[in-house]
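Written below as structure tokens is the structure these notes are about.
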Amino acid sequence: MVVTRFAPSPTGYLHIGGLRTALFSYLWAKKNGGKFVLRIEDTDKARNSQEATNAILKAFAWLGLKHDGEITYQSQRDDIYAKYIKQLLDEGKAYKCYTSKEELTQLRETQMANKERTKYDGKYRDFNGTTPEGVEPVIRIKAPLKGEIIVKDGVKGDIVFQAEDILDDFIIARADGAPTYNFVVAIDDALMGINEVIRGDDHLSNTPKQIIVYEALEFELPKFYHVPMIHNSEGKKLSKRDGATDVMAYKEMGYTPASLLNFLVRLGWSHGDQEIFSMDEMQELFNPKDINKSASIYNTEKLNWLNSHYIKNTPNSKLAEFLTQYDLILTSHDKKEILLDELKDRAKTLKEMASLVKEIIETPTFYNEKAVKKAFKGNVMEILSAFKTKVEFANELHLPSDYHHLMQEVVDEMQISFGKIGQPLRVALLGKMGGPALDSIMAIIGKDETIQRIVNAIIKHK
Ligand code: GLU
């Protein structure tokens, strides 16, 4: 069974790049009928907080990404790590190192002066002498001194690391007993049964160290997939200036979960030239072997294009639910179907949609000056009054066509062009030019409100 994981360090919010690797891991597990588990890497007590973990969980909930089983918290696993440290010490695969900080600094300076790679010199690796008093030792793992460590990467192919060039006996437990990052990641992945690790390629340099831990503990290696980073249009690492990096900011900006997930799946993965993927399709088609080898480029226009697509194709009841985040309660609005049908083709984001809705359903308190000048001239008040009277006397006014009919009558009776009634009516109803079809607007706000808005405009501008 395929078991994948997402292992965020909770330092603030869920990062969009993190979400992408989480999505890839999720899809791959689902495609294989496997499991996708969540591990919170919260060992850095100064930087990690429960709040940050909650932020990640909130983002997952928003996106509908469900992890399997209980969440694993690294901060609760000290006993497990201690057990493996002891095991490695007992087996002679790790040792206590008494080199002080000052000695290490000294060592580094000498190596730098000799233009050598800076590394621990292995002084205590096979030490038989008397250890210094008053120094709390760190624990180092015995890394191979020679040979190759090969990361068999599902995206990048075999990556060969020369032990001599990159490794030294790295620390697996600090002087206070706290285990270190690469040590605990390898243990957790192994004990949690993770057999496919999909993560950002910023972690690639950690992988040989983790492989050493796997080997020392005789754990079976997982498959690794290191996913190239997301870049901005200038080919640099994505930063806040290029677009939001916090996943929840996308919610606030009015993107639907489906749009964001679709956007992310295509950042670094493709299936022919297909752009639109439902969650079911993603699960069916995703395969980490198709992840691109080079970095992907973040493109806001693409995201907006996808969002328009998803807004257009979201049922109105769901749209109404989405819009509640902008304090818009449309659930009981009797004309919500007309309203949302009218706007779903126009809005690029839900936020934009919310403000378009508000422009329609809220009585205007302000009239755009230019629009007033342009529309309110000649016998315009007469035209508006004529129309208002027709609305007042009409019995059945429900559909846009009912209102359209009345406008047509005024046009015919007064022998004017459609624009002569259309423009002033628009300004009366919305306070400005632009916006959706007038007959729809009136059907949405209803008879009384239509009359009221015309009266308001006449009073204000006669
Ligand atoms: N905790 C790491 C991070 O948030 C991820 C570790 C991993 O995927 O192996 O970047």
Side-chain angles (χ1 to χ4, degrees), residues 2-29 35-60 65 67-68 71-77 80-81 149 151-156 159 161 170 172 178-214 217 219-230 237-239 245-248 264 267-268 288 291 295:
V2 171
V3 185
T4 63
R5 49 57 156 192
F6 179 48
S9 312
T11 51
Y13 55 79
L14 178 56
H15 191 280
I16 184 117
L19 173 60
R20 185 187 57 156
T21 48
L23 175 64
F24 286 176
S25 304
Y26 175 86
L27 295 175
W28 188 227
K35 284 203 166 105
F36 166 72
V37 299
L38 186 58
R39 177 173 73 238
I40 302 292
E41 305 209 317
D42 54 349
T43 48
D44 185 343
K45 293 187 180 72
R47 293 175 70 220
N48 301 153
S49 67
Q50 186 56 44
E51 230 173 282
T53 299
N54 293 345
I56 292 168
L57 298 179
K58 203 167 147 197
F60 263 55
L65 291 183
H67 59 88
D68 293 300
I71 302 174
T72 300
Y73 290 87
Q74 280 186 334
S75 59
Q76 297 169 2
R77 292 164 68 82
I80 297 172
Y81 308 135
I149 299 207
V151 178
K152 293 187 176 303
D153 191 86
V155 177
K156 296 170 185 275
I159 302 161
F161 293 90
F170 57 92
I172 56 169
T180 57
Y181 177 74
N182 286 308
F183 184 64
V184 300
V185 168
I187 291 176
D188 286 341
D189 280 339
L191 296 188
M192 290 165 77
I194 314 287
N195 47 25
E196 312 238 0
V197 170
I198 302 175
R199 63 180 166 211
D201 69 1
D202 49 341
H203 284 282
L204 185 58
S205 60
N206 289 324
T207 309
K209 292 187 177 173
Q210 293 175 14
I211 289 177
I212 289 173
V213 177
Y214 273 95
L217 293 170
F219 289 145
E220 204 175 312
L221 278 179
K223 280 192 195 154
F224 290 105
Y225 302 89
H226 288 92
V227 185
M229 298 280 98
I230 304 173
K237 207 174 148 187
L238 190 70
S239 79
T245 48
D246 175 359
V247 166
M248 289 313 271
L264 288 178
L267 277 180
I291 292 173

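Note that ligands are numbered from 1 as they come in the structure, with each ligand's atoms numbered from 1 the same way. No hydrogens, no waters, no symmetry mates; every other heavy atom, side chains included, goes into these values.
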- Query: Considering residues, nucleotides and ligands other than K156, do more than 12 of their heavy atoms fall under 6.0 Å from its NZ?
  - Reply: yes

Write none if no such pair exists; otherwise list each N/O atom of ligand 1 with its protein N/O partner under 3.5 Å and the distance.
unit_1, atom_1, unit_2, atom_2, d
ligand 1, 1 (N), A7, O, 2.7
ligand 1, 1 (N), S9, OG, 2.8
ligand 1, 1 (N), E41, OE1, 2.6
ligand 1, 4 (O), S9, N, 3.2
ligand 1, 4 (O), S9, OG, 3.3
ligand 1, 8 (O), R5, NH1, 2.6
ligand 1, 9 (O), R5, NH1, 3.4
ligand 1, 9 (O), R5, NH2, 2.8
ligand 1, 9 (O), R199, NH1, 2.8
ligand 1, 10 (O), H203, NE2, 2.9

- Message: Once you measure the plane-to-plane angle for F60 and F36, does it fall in the parallel (<30°), tilted (30-60°) or perpendicular (>60°) bin?
- Response: parallel

- Message: Using a 3.5 Å distance criterion without hydrogens, assess whether the side chain of D42 forms a donor-acceptor pair with backbone atoms of Q74.
- Response: yes

- R5 with D188: basic N within carboxylate O range, under 4.0 Å: no

- Item | For R20 against L267, the heavy-atom pair lying closest together | NH1-O, 2.8 Å

- Residues that S205 engages under side-chain contact (heavy atoms from CB on, under 4.5 Å), provided they are two or more places apart: none

